[in-house]
Structures are given as structure tokens and as C-alpha cells.
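So the structure is just underneath, and the comments pick up after that.
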There are 2 protein chains.
Amino acid sequence: MIKDLPPNTVERLSLYRRRLLNYPNEDKLYIHSHKLAHLLKINPAHIRRDLMLIGFTGDVHKGYNIQNLIDKIGKAIDCKHTQKVAFIGIGDLGRAVADHFNQKETKLKIAATFRTSKPPKTQFQEVTCYHISDMKKVLIKENIELVVLAVPRSYAKAISGEIIRTKVKGILNFTSVHLNVPDRIFVEDYDVIAKLEKLSFFTNTA
Amino acid sequence: MIKDLPPNTVERLSLYRRRLLNYPNEDKLYIHSHKLAHLLKINPAHIRRDLMLIGFTGDVHKGYNIQNLIDKIGKAIDCKHTQKVAFIGIGDLGRAVADHFNQKETKLKIAATFRTSKPPKTQFQEVTCYHISDMKKVLIKENIELVVLAVPRSYAKAISGEIIRTKVKGILNFTSVHLNVPDRIFVEDYDVIAKLEKLSFFTNTA
DNA sequence: TTCTTGCTGTTAATCAATTCACAATTGCTT
DNA sequence: AAGCAATTGTGAATTGATTAACAGCAAGAA
């Protein structure tokens with residue numbers, strides 16, 4: 001794991017890897033920066049720069065060895081142990097994401113989902129779905145470190161109050177409520193409403 | 001509606017307004033930049049600069065008039081007519097967002113939701129939930145211009161292929177698939193997997 | 001062998017976003 | 001009336017992200 005990678009680079013490395021994992025294996029062992037850039041619709045220089053930052057070097061003619069690159073990205077951004085993730089109050093989106101995390105190459109594992117309503121305890125694939133009232137207990141017992149939080153506003157405060165009493169270290173926060181958590185917890189906010197209003201703005205001016 | 005606002009400013013203006021709408025009305029008619037900044041955990045200069053960009057000016061002692069500011073933000077970022085939004089394949093998250101759009105102050109209206117599975121046609125609040133197979137028809141009939149797309153990978157291509165044959169102008173894309181759409185459609189990607197891997201990275205180094 | 005081609009690695013340039021810092025203003029206090 | 005205190009509006013500085021540009025290299029063609 002490399003220190004001091006820019007946040008956006010970390011995100012892109014994740015994208016590179018995922019794209020490469022799905023890359024038709026055919027006989028292709030290598031890929032050029034501009035080819036990968038084209039697949040991801042980004043600038044080739046960006047890729048070369050990102051790979052430079054993690055010290056991965058390609059062949060001047062053949063390009064980048066795909067398997068080695070996948071491995072190197074893992075070394076750069078994955079943590080050593082597997083981290084468990086929980087989805088709190090997010091139905092279909094979790095489902096849309098889940099398949100990837102059942103692949104071999106990932107250090108993240110979806111360990112539980114929670115709902116504020118309905119099913120008190122059901123299975124979804126191999127992931128158990130609990131009622132929200134069991135959240136704290138399960139987060140602790142399962143040693144979950146990352147959560148995706150997408151519950152209605154009215155729940156947000158109480159739930160985040162419980163989360164800080166667990167071992168959770170990171171929250172992807174889709175509630176439009178600003179969470180009051182200690183510094184040891186890393187929060188990434190995403191405000192759907194603001195994004196929609198931005199979308200509205202740029203579809204009417206641009 | 002103002003041209004040439006930076007994207008991030010547009011997003012923040014949306015956040016400012018929403019925060020102000022929920023601001024305890026008490027007797028407070030005015031708010032200072034640092035007070036609002038504190039509520040949103042951002043830098044006060046940021047707020048002053050954003051408001052400068054939309055030509056809103058405050059009182060050197062009282063601060064910003066809340067109602068006027070709300071109105072001005074509307075003039076700056078809202079489009080004139082109401083725009084309709086659809087949620088495609090996103091259950092709870094849509095629910096978590098929906099309440100806001102039933103407020104008076106918004107130009108966006110959730111007009112439909114679609115599911116890839118289960119309920120062929122049910123109601124959620126006043127919003128009808130259709131089966132995905134009716135999507136194109138409904139998008140056209142309802143004149144929907146914005147969609148939030150969060151279906152499993154395997155559906156993404158086919159669905160985006162249908163979307164481009166409607167009047168949709170903007171897509172908030174939560175599928176990790178790069179959509180191939182013409183330039184007239186504004187796409188904002190959000191890759192949950194990449195965000196989670198970033199979260200994992202920064203909870204293990206920082 | 002020598003030339004051409006096309007790629008990587010990397011520095012430099014550009015562009016965008018954020019924050020600093022302070023002049024100007026004006027109510028309030030004395 | 002004069003000085004203090006607090007706030008806005010904004011130019012300048014800083015930080016960060018992206019893109020351009022090209023030297024250096026090596027395979028393959030001539």
C-alpha cells in the first residue's frame with residue numbers, strides 16, 4: 001500500500017483494475033495507455049501519470065502487462081486484510097454493486113445489509129439482511145469497517161450515533177444530513193439532490 | 001439562470017438553499033457566512049465567493065437575508081419550467097431522496113420509478129412504480145428529462161440504448177458501465193465500487 | 001545498417017478549485 | 001465624535017487536477 005496517492009488517482013486505479021478484469025482475455029496480455037484510456041473515455045496521459053505514481057512501468061512497445069498491472073494496483077491500493085462492508089438502507093443499488101465483490105480479486109466483502117422497514121432477516125445471495133434495530137450488534141460482531149448509508153433523513157442522526165460506537169472507519173454517506181462523527185471516521189458525502197440540481201442546471205445551459 | 005457557473009458552485013448553491021430551507025425559522029431573518037459555513041462544515045470564504053458569483057450581496061452587519069438568498073439561488077440555478085425525474089432501478093435511495101422533492105421550493109419532480117424485478121405497477125407516495133419494460137413508453141409520455149440509473153451491469157447497455165430514444169437530457173449514472181450516449185445527454189458518473197475502494201484506502205493510510 | 005514509427009515516462013504548462021488576507025464599511029460603545 | 005469590532009466583497013496566493021509536449025527508446029522496415 002502506497003502512501004500519499006491523490007484521492008482521484010486512487011479512484012481511477014480502482015476503475016482501471018475493474019475494467020481490466022473484465023477485459024476480454026482473448027490472447028491479449030498487454031494493453032496500451034491509449035487503448036485503456038479509450039475504453040474509459042479519459043486522457044491517456046492520465047493513465048501514464050497514475051501508473052507512474054504507483055511505480056508501474058510498461059514496455060515501450062507492447063504497453064502494460066495486464067496481469068502485472070492488476071497485481072500492482074492491488075499492492076498500491078488494497079489493504080492487507082479483507083475489509084467488510086455493510087449497506088444500510090439501500091436496496092437495489094447494493095444489489096447492482098454486489099456481484100463485483102463476489103469476484104476473487106477484491107479485498108472488500110459485503111457482510112450485511114440492513115433495512116429500516118420490512119424484512120427482519122432474510123438472505124440476499126450469501127448476504128444476510130437484518131432489521132436496522134440489530135445494526136450496532138451486527139456491525140460489532142462481524143467487525144465491519146465500511147458502510148454505505150442511505151436511509152431517510154429522519155433516521156440519519158440516530159444511526160450515525162450508533163455507528164460511532166462500532167469499529168466502522170469509513171462511511172459513504174448518501175443521506176443529505178451532515179454526519180457528526182469523530183475524526184477517526186472517514187466520511188465521503190454524496191448528495192443526490194445537489195447532483196440532480198446540477199444536472200438540471202447543465203442540461204439547461206450547456 | 002446564470003451562465004458559466006462552475007459545476008461545484010452550482011452544487012454548493014443547492015446545498016446552501018436546502019440547508020436554509022430547513023433552518024429553524026425562529027426570528028432569524030439573516031445569516032452570516034461563517035454561520036452557514038459552520039452548518040455545512042465548509043470554508044466561509046467559499047460561501048461569500050459563490051454568492052458573489054451569482055451577484056447576491058449581504059449586509060455588512062446583518063449578513064445575508066435568508067429568504068432573499070433562497071430566491072436568488074433559485075433564480076441562479078433553477079430552470080424556468082419544472083423538470084421531471086425518474087429513478088430507474090433504485091429502491092430505498094430514491095425513497096430517501098423523495099421527500100425533499102415534494103417540498104414547494106423545487107423545480108424538480110419525481111415522476112416515475114422503474115424496477116427490474118417484482119412489482120409491475122405499484123404506487124409509492126404519489127409516484128407510480130412501473131416495470132422496466134414500460135420504461136421507454138413512460139419516459140416519453142411523461143416527458144421526463146432527468147433519470148437516476150442504478151441497475152445491475154447486465155441491464156445497463158440495453159436500458160441506456162432505450163433512454164437515448166427519449167427526451168432525457170441528463171443521467172446520473174450509478175452503474176459502473178460507461179454509457180455510450182450522444183453529446184446532447186449530460187452524464188454524471190458515480191462509481192460506488194471505486195468510492196468504496198477509495199474509502200478503504202484512506203481508512204488504512206490516513 | 002540506418003531510418004521511421006509509435007510508445008512510455010516525465011516535466012512543464014494549463015486549468016480549476018479553494019483558501020488567505022485585507023480594504024472598506026458601518027453599527028455600536030464610550 | 002472618535003475608536004472599536006465584526007462582517008462582507010474580492011484580489012492574490014495556493015493547492016490540486018488535468019493535459020500537453022517531448023526526450024528517449026526500441027522494434028521493424030528499407
Nearest-nucleotide comparison on DNA chain C, the residue closer to the 5′ end among B:Asp59 and B:Thr9: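 Upstream on the strand: B:Thr9.
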Contact class for A:Pro44 vs. all strands (heavy atom < 4.0 Å): base, sugar-phosphate, or nothing?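 It contacts nothing in the nucleic acid.
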Which of these, B:Tyr155, B:Tyr130, B:Phe87, sits in a ring-ring contact (aromatic ring centres under 6.0 Å, His included) with B:Phe114?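 With B:Phe114 as partner, B:Tyr155, B:Tyr130, B:Phe87 yield a single ring-ring contact (aromatic ring centres under 6.0 Å, His included), made by B:Tyr130.
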Does NZ in A:Lys41 sit with more than 12 non-hydrogen atoms of other residues, nucleotides or ligands closer than 6.0 Å?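 Atom NZ in A:Lys41 is crowded, with more than 12 foreign heavy atoms closer than 6.0 Å.
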Check this for me: A:Lys195, atom NZ, are more than 12 non-hydrogen atoms of other residues, nucleotides or ligands nearer than 6.0 Å?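 Yes - once you tally the heavy atoms of other residues, nucleotides and ligands closer than 6.0 Å, there are more than 12.
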Whole angstrom value for the distance that separates [atom2] of [N] from [atom1] of [X]:
{"X": "B:Lys62", "N": "D:dT8", "atom1": "NZ", "atom2": "C1'", "answer": "14 Å"}
{"X": "A:Ile47", "N": "C:dC7", "atom1": "CD1", "atom2": "P", "answer": "13 Å"}
{"X": "B:His34", "N": "C:dT19", "atom1": "NE2", "atom2": "C1'", "answer": "17 Å"}

Within the pair [X] and [N], is there a side-chain N or O less than 4.0 Å away from OP1 or OP2?
{"X": "B:His46", "N": "C:dT19", "result": "yes"}
{"X": "B:Tyr64", "N": "D:dG9", "result": "yes"}
{"X": "A:His32", "N": "C:dG6", "result": "no"}
{"X": "A:Asn8", "N": "D:dT18", "result": "yes"}
{"X": "B:Thr57", "N": "D:dG9", "result": "yes"}
{"X": "B:Arg12", "N": "C:dA17", "result": "no"}
{"X": "A:Asn43", "N": "D:dA20", "result": "yes"}

Close aromatic pair by centroid cut-off 6.0 Å: B:Tyr64 and B:Tyr16: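 No: the rings miss the under 6.0 Å criterion.
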Look at the side chain of B:His61 against the base of C:dT26 and say whether a donor-acceptor pair falls under 3.5 Å; ignore hydrogens and angles.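 In this structure, the two groups form a donor-acceptor pair.
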Should the ring pair B:Phe202 and A:Phe186 be called parallel, tilted or perpendicular, given that the plane angle runs from 0 to 90° and is split at 30 and 60?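 Ring orientation, 0 to 90° scale: parallel.
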Hey, is the main chain of A:Val177 close enough, under 3.5 Å, to the side chain of A:Asn173 for a donor-acceptor pair?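 Here the side-chain-to-backbone pair exists.
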Using a strict 4.0 Å threshold on nitrogen-to-oxygen distance, state whether A:Arg17 and B:Glu197 make a salt bridge.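 Looking at B:Glu197 together with A:Arg17, the answer is yes, because their closest N to O distance falls below 4.0 Å.
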Shorter than 3.5 Å, N or O on both sides, protein versus nucleotides 10-12 of chain C: list them out with atom names.
{"unit_1": "C:dT11", "atom_1": "O4", "unit_2": "A:Arg49", "atom_2": "NH2", "d": "3.2"}
{"unit_1": "C:dA12", "atom_1": "N6", "unit_2": "A:Arg49", "atom_2": "NH2", "d": "3.4"}

